[in-house]
Asker: 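Before I ask anything, here is the structure I am working with.
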Amino acid sequence: CDKSALCLVRGILRDCININMDEYSWLSKEKIVEYGRDYGKDLDDSLTKIDMIEQLKDHIGSLTTEQLNNLIGIGS
């Protein structure tokens with residue numbers, strides 16, 4: 001659902017990203033770091049994958065709607 005029209009129409013993009021992030025535990029650390037960069041966050045790869053995902057979720061939660069929209073290309 002992240003970045004999909006459904007999430008955007010419902011205005012719950014941040015929640016959709018966080019829900020999808022719960023499914024990221026099967027990804028490699030390298031891929032999680034890449035996702036972090038996509039959202040403007042340098043993740044600490046010395047952490048466990050679960051802690052890295054939590055770090056990214058916290059970062060996304062701290063973004064304003066405008067910042068989040070800019071990162072995913074809405075309104076640019």
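Bear in mind the structure is a predicted one, so any value in this text is a computation, not a measurement.
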Asker: Is Arg37 salt-bridged to Glu34, cutoff N-O under 4.0 Å?
Answerer: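 No.
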Asker: I'd like to know if the side chain of Lys49 reaches the main chain of Leu27, judged simply by a donor and an acceptor atom lying under 3.5 Å from each other, with no hydrogens or angles considered.
Answerer: yes
Asker: Rounded to the nearest 0.5 Å, what's the gap from CD1 on Ile53 to OH on Tyr35? Could you check?
Answerer: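 Output value for this atom pair is 10.5 Å.
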Asker: Just jot down the side chain to side chain donor-acceptor pair (under 3.5 Å) partners of Lys29, sequence neighbours excluded, or say none.
Answerer: none
Asker: Can you name the side chain to side chain donor-acceptor pair (under 3.5 Å) partners of Asp45, sequence neighbours left out?
Answerer: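 Here no residue qualifies.
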Asker: As an exercise, state the distance from CG of Asp58 to NZ of Lys41, rounded to the nearest 0.5 Å.
Answerer: 9.0 Å
Asker: Just jot down the side-chain contact (heavy atoms from CB on, under 4.5 Å) partners of Gln67, sequence neighbours excluded, or say none.
Answerer: Leu63, Thr64
Asker: If you round to the nearest 0.5 Å, how far is CG of Leu56 from CG of Asp42?
Answerer: 11.0 Å
Asker: What pairs with Leu47 under side-chain contact (heavy atoms from CB on, under 4.5 Å), at least two apart in sequence or on another chain?
Answerer: Asp44, Asp51, Met52, Gln55
